[in-house]
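What follows is a set of notes on a single structure, which appears directly below.
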There are 2 protein chains.
Amino acid sequence: MTSFKLDDFLPYQLAVLSSRVSDGFSRHYRNAYGISVSEWRVVAHLSQADSVSVREIHQRVDMDKPKVSRAASRLEAAGYVTKTVNPQDRRLVELSLTPKGREMIEALTPIAHRYEEHLSQLLGAEDAQFRTRVSQLIAALGPEIRNED
Amino acid sequence: MTSFKLDDFLPYQLAVLSSRVSDGFSRHYRNAYGISVSEWRVVAHLSQADSVSVREIHQRVDMDKPKVSRAASRLEAAGYVTKTVNPQDRRLVELSLTPKGREMIEALTPIAHRYEEHLSQLLGAEDAQFRTRVSQLIAALGPEIRNED
DNA sequence: CACCTTTCGTTTCGTTCCCAACAGGTTGCC
DNA sequence: GGCAACCTGTTGGGAACGAAACGAAAGGTG
């Protein structure tokens with residue numbers, strides 16, 4: 001009988017860890033603003049540059065097109081973002097934060113930073129090393145046969 | 001304007017990493033056996049101890065009850081596991097691998113170990129440290145308000 | 001024993017997901 | 001210009017998901 005311990009399997013551990021970490025932080029915006037993880041990612045990305053197309057978010061953030069599209073629609077319905085057709089290229093839909101959306105991200109940013117602090121504290125002295133390894137692994141595993149579209 | 005970079009946000013990075021790693025490995029069993037990640041977890045857990053109740057898997061593996069139940073049903077339909085009612089406590093459903101299921105896990109175990117090797121190689125000298133940090137974080141974040149049922 | 005509470009697994013309901021197809025818009029090439 | 005190939009975002013279909021409710025079974029208390 002070949003022995004296999006799921007608990008020591010790194011893919012499993014990473015899935016559990018990711019889920020725990022994500023839940024730990026999503027609690028902060030789920031209750032206060034009623035948005036999901038997908039929606040949080042879109043808003044967070046919008047905070048860096050206002051007016052971004054759905055396509056760019058799809059490429060930069062780890063979400064496929066329909067997911068971005070639907071998250072954007074929900075955010076629009078909730079009043080956090082606006083969707084406007086780009087006049088130069090009318091295929092593009094530009095997303096931008098409403099004042100209400102900007103208010104939300106500005107309230108969440110310090111909370112996010114505190115959560116990072118918390119994680120760093122848990123990681124201790126090897127915090128930086130750990131983050132380097134994470135980035136390294138992500139880069140090494142590559143875009144992982146993303147949809148080429 | 002408060003700056004916030006999603007790319008440097010550890011919860012986001014871990015989600016991306018977990019997804020990449022999980023996809024990288026699931027490719028190996030999705031094509032060959034047509035099972036999903038949830039089903040892989042159940043089978044992998046069953047390889048450690050035969051005849052395990054749904055409840056135990058739910059508690060030990062990071063899956064809620066309906067997810068385990070459905071994964072078990074799919075595995076049963078595919079002929080990889082059997083479900084039998086425990087005679088002592090007839091509420092319990094004991095899962096165990098069929099010969100076909102055992103055959104699958106024994107074929108996948110060496111592949112899993114090779115995949116671990118691959119990841120270790122990517123992590124380099126700090127492999128052990130990295131794994132320690134992962135375990136440490138999981139433990140520190142705790143059961144994360146699991147459903148108490 | 002009768003009754004209430006708890007536990008276990010399944011099912012239901014509504015939502016989200018992914019994949020594929022789609023319509024509208026743009027570009028290139030003749 | 002006109003037509004084909006391409007790009008962008010949305011939508012449909014089928015499967016899976018989470019939360020809550022459910023029926024069946026066991027335990028606990030009078």
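Numbered from 1 within each chain, the chains take letters A, B, ... in sequence-line order. All values below were derived from every heavy atom in this structure, side-chain atoms included, with hydrogens, water molecules and symmetry-related copies excluded.
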If you go through the side-chain atoms of A/R91, does one of them form a donor-acceptor pair with the base of C/dT26 closer than 3.5 Å?
no
Run the side-chain contact (heavy atoms from CB on, under 4.5 Å) check on B/S47 and B/T109 step by step: do they pass?
CA-CA 10 Å; B/S47 80; B/T109 298; 5.8 Å; no
Is the shortest side-chain heavy-atom distance between B/S53 and B/N86 below 4.5 Å?
no
Is the distance from OP1 or OP2 of [N] to the nearest side-chain N or O of [X] less than 4.0 Å?
X: A/R55; N: D/dT8; value: yes
X: B/K83; N: C/dG9; value: no
X: B/R90; N: D/dA25; value: yes
X: A/S69; N: D/dG9; value: no

Rounded to whole Å, please give me the gap between [atom1] in [X] and [atom2] in [N].
X: A/I35; N: C/dT15; atom1: CD1; atom2: P; answer: 19 Å
X: B/E56; N: C/dT7; atom1: CD; atom2: P; answer: 17 Å
X: B/K67; N: C/dC17; atom1: NZ; atom2: P; answer: 13 Å
X: A/R30; N: C/dT16; atom1: CZ; atom2: C1'; answer: 13 Å
X: A/D64; N: C/dC19; atom1: CG; atom2: P; answer: 7 Å
X: A/D23; N: D/dC17; atom1: CG; atom2: C1'; answer: 14 Å
X: A/R41; N: C/dC17; atom1: CZ; atom2: P; answer: 10 Å
X: B/M63; N: C/dC8; atom1: CE; atom2: P; answer: 17 Å

The answer to which of A/D89 and A/S36 contacts DNA chain C further toward the 5' end, by nearest nucleotide, is A/S36
Which nucleotide wins on minimum distance to the side chain of [X], given the candidates [options]?
X: A/V54; options: D/dG9, D/dA24, C/dT26; result: D/dG9
X: B/K65; options: C/dG9, C/dT26, C/dA20; result: C/dG9
X: A/R70; options: D/dG12, C/dG25, D/dG9; result: D/dG12
X: A/L92; options: D/dT11, C/dT10, D/dG9; result: D/dG9

Heavy atoms only, 4.0 Å cut-off, all strands: where does [X] land among base, sugar-phosphate and nothing?
X: A/S38; value: sugar-phosphate
X: A/E39; value: nothing
X: A/S53; value: sugar-phosphate
X: A/Q88; value: sugar-phosphate

Taking it one step at a time, do A/D8 and B/R131 satisfy salt bridge (charged side-chain N to carboxylate O under 4.0 Å, His left out)?
CA-CA 9 Å; A/D8 301 335; B/R131 290 167 187 271; over 6 Å; no
Could you tell me if the ring centre of B/F9 sits under 6.0 Å from that of B/F4?
yes
B/S36 and B/E39: side chain donor to acceptor below 3.5 Å
yes
When the ring planes of B/H118 and B/Y115 are compared, do they come out parallel, tilted or perpendicular, using 30° and 60° as the limits?
tilted
Taking for each residue the nucleotide of DNA chain D bearing the nearest heavy atom, is the 5' side occupied by B/N86 or by A/V93?
A/V93
